[in-house]
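A quick write-up on the structure given underneath.
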Amino acid sequence: MRKLATLFTDSYNELKHVRTLTLTGMMGAVSVVLGYLTLAIGDYIKIGFSTIANQIVYYLFGPVVGGAFGGMLDILKYLVKPTGPFFPGWTLGALLAGVIYGVFYYKKSISLWRVLAAELVVSVLCNMLLGTYWLTLMYGNRFFDLFWLRVQKNLIMWPINSLIFFTIAKNMEAAGIFRIMKEFRRTSS
């Protein structure tokens, strides 16, 4: 439990650095732009690339910064390109996803199993359970009618999203990009 508390404390301390805020802002802009690059496969399956920039923030800065980033970015993306009515539950889900990814990634090495586990936890908690609940509140549908459709979609997308992030993150790590980003952040202390 002490390790988890330290993880949150260290992540909170990341907010004290101007360059952390600058880098998260830049990654937010990248996320918004990548949000326009979505591949639709049928009516229900979409492969999006904006989460790559988000997960880089979660990896570099942890659960506190990740949660704040996820929540604020959800609002920003809605303001830039609204899809449907605004509902604060989606913002809460984005915030929770940022915290979960941050706990899994922050100050840890990137491995396929870690990425798969993080993606599965977020898929189950944020997408399947909370996301389905938000839809029932918004549109009055029955929970289990939507739940099984969302389970199928998320089980299909789970390995795809995991492999996309893992492949890009490992290539960025091998190229030294994460090291450069961390050094950029440290020089502002």
Side-chain angles (χ1 to χ4, degrees), residues 4 7-8 11-12 24 27-59 61-106 112-166:
L4 189 62
L7 195 71
F8 276 84
S11 179
Y12 174 76
T24 57
M27 295 309 290
V30 169
S31 180
V32 169
V33 170
L34 288 176
Y36 288 99
L37 304 174
T38 302
L39 302 174
I41 303 170
D43 293 334
Y44 302 105
I45 305 294
K46 292 180 184 174
I47 299 175
F49 300 100
S50 66
T51 60
I52 296 165
N54 300 7
Q55 289 184 346
I56 290 169
V57 169
Y58 309 146
Y59 170 73
F61 305 116
V64 174
V65 176
F69 177 80
M72 286 189 230
L73 192 61
D74 180 74
I75 294 169
L76 177 65
K77 284 184 176 182
Y78 179 79
L79 293 173
V80 171
K81 184 182 176 187
T83 55
F86 178 78
F87 184 73
W90 298 114
T91 305
L92 178 64
L95 185 146
L96 180 61
V99 170
I100 293 168
Y101 282 123
V103 167
F104 272 91
Y105 296 156
Y106 187 52
L112 181 58
W113 296 111
R114 183 178 310 283
V115 173
L116 283 166
E119 192 67 39
L120 181 63
V121 171
V122 168
S123 290
V124 170
L125 290 178
C126 299
N127 301 345
M128 292 181 207
L129 295 173
L130 283 178
T132 305
Y133 182 63
W134 304 144
L135 288 171
T136 62
L137 291 178
M138 289 176 70
Y139 300 112
N141 300 357
R142 291 182 15 192
F143 183 87
F144 284 106
D145 291 345
L146 293 174
F147 180 71
W148 298 116
L149 292 172
R150 293 181 59 81
V151 166
Q152 291 171 10
K153 174 196 173 218
N154 279 278
L155 287 178
I156 291 168
M157 293 308 299
W158 168 50
I160 295 169
N161 288 336
S162 298
L163 287 174
I164 289 171
F165 176 67
F166 175 75

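Looking at Ser50, its side chain never comes within 3.5 Å of a backbone N or O of Gly35 through a donor-acceptor pair. Looking at Ser31, its side chain never comes within 3.5 Å of a backbone N or O of Met27 through a donor-acceptor pair. The backbone N or O of Asp74 sits nowhere less than 3.5 Å from a side-chain atom of Thr91 that would complete a donor-acceptor pair.
Side-chain contact between Val57 and Asn54 is absent, with no heavy-atom pair separated by less than 4.5 Å. Side-chain contact between Asn154 and Val124 is absent, with no heavy atoms from C-beta onward closer than 4.5 Å. Taking the side chain as every heavy atom from C-beta outward, Tyr105 and Val115 approach each other to under 4.5 Å. A 4.5 Å side-chain heavy-atom check between Phe143 and Leu135 finds every atom pair outside the cut-off.
For the atom pair CD1 of Ile100 and CG of Leu96, the computed distance is 4.0 Å after rounding to the nearest 0.5 Å. Between the CG atom of Leu163 and the CG atom of Leu112 there is a distance of 6.0 Å, given to the nearest 0.5 Å. Residue Ile56 holds its CD1 atom at 13.0 Å from OG1 of Thr24, rounded to the nearest 0.5 Å. How far OG1 of Thr132 is from CZ of Arg142: 14.0 Å, rounded to the nearest 0.5 Å. Rounded to the nearest 0.5 Å, atoms OH (Tyr78) and CG (Leu73) are 15.5 Å apart. Distance check: Asn127 CG to Met157 CE gives 10.0 Å after rounding to the nearest 0.5 Å.
Nearest heavy-atom pair, Gly70 versus Ala94, reported as atom, atom and distance to 0.1 Å: O-CB, 3.4 Å. Ala117 and Phe104 make their closest contact through CB-CE2, 3.7 Å (heavy atoms, listed as atom of the first residue, atom of the second, distance). The minimum heavy-atom distance linking Thr136 with Tyr133 is given by the pair OG1-O, 2.6 Å. In terms of heavy-atom proximity, Met128 sits nearest to Phe147 at O-CD1, 3.6 Å. Of all heavy-atom pairs spanning Phe49 and Ile164, the tightest one is CE2-CD1, 4.3 Å. Listed here is the closest heavy atom pair of Cys126 and Ala97: SG-N, 3.8 Å.
More than 12 heavy atoms of other residues, nucleotides or ligands sit less than 6.0 Å from atom CZ of Phe8. Sparse packing is recorded around OH of Tyr12, with 12 or fewer heavy atoms of other residues, nucleotides or ligands lying under 6.0 Å away.
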Which side-chain N or O atoms in residues 82-89 pair as donor and acceptor under 3.5 Å with protein atoms at least two apart or in another chain?
none

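No close placement of the Phe69 and Tyr101 rings is indicated, their centers lying 6.0 Å or farther apart.
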Stepwise, does the side chain to side chain contact (heavy atoms under 4.5 Å, CB included) test hold for Leu130 with Leu125?
CA-CA 6 Å; Leu130 283 178; Leu125 290 178; 5.7 Å; no
Passes side chain to side chain contact (heavy atoms under 4.5 Å, CB included), Phe166 versus Leu116? Steps please.
CA-CA 9 Å; Phe166 175 75; Leu116 283 166; over 6 Å; no
Kindly determine whether Lys77 and Trp90 satisfy side chain to side chain contact (heavy atoms under 4.5 Å, CB included), including the steps that lead there.
CA-CA 12 Å; Lys77 284 184 176 182; Trp90 298 114; over 6 Å; no
I would like to know whether Phe165 and Tyr59 meet ring-ring contact (aromatic ring centres under 6.0 Å, His included); could you show each step before the answer?
CA-CA 11 Å; Phe165 176 67; Tyr59 170 73; 7.6 Å; no
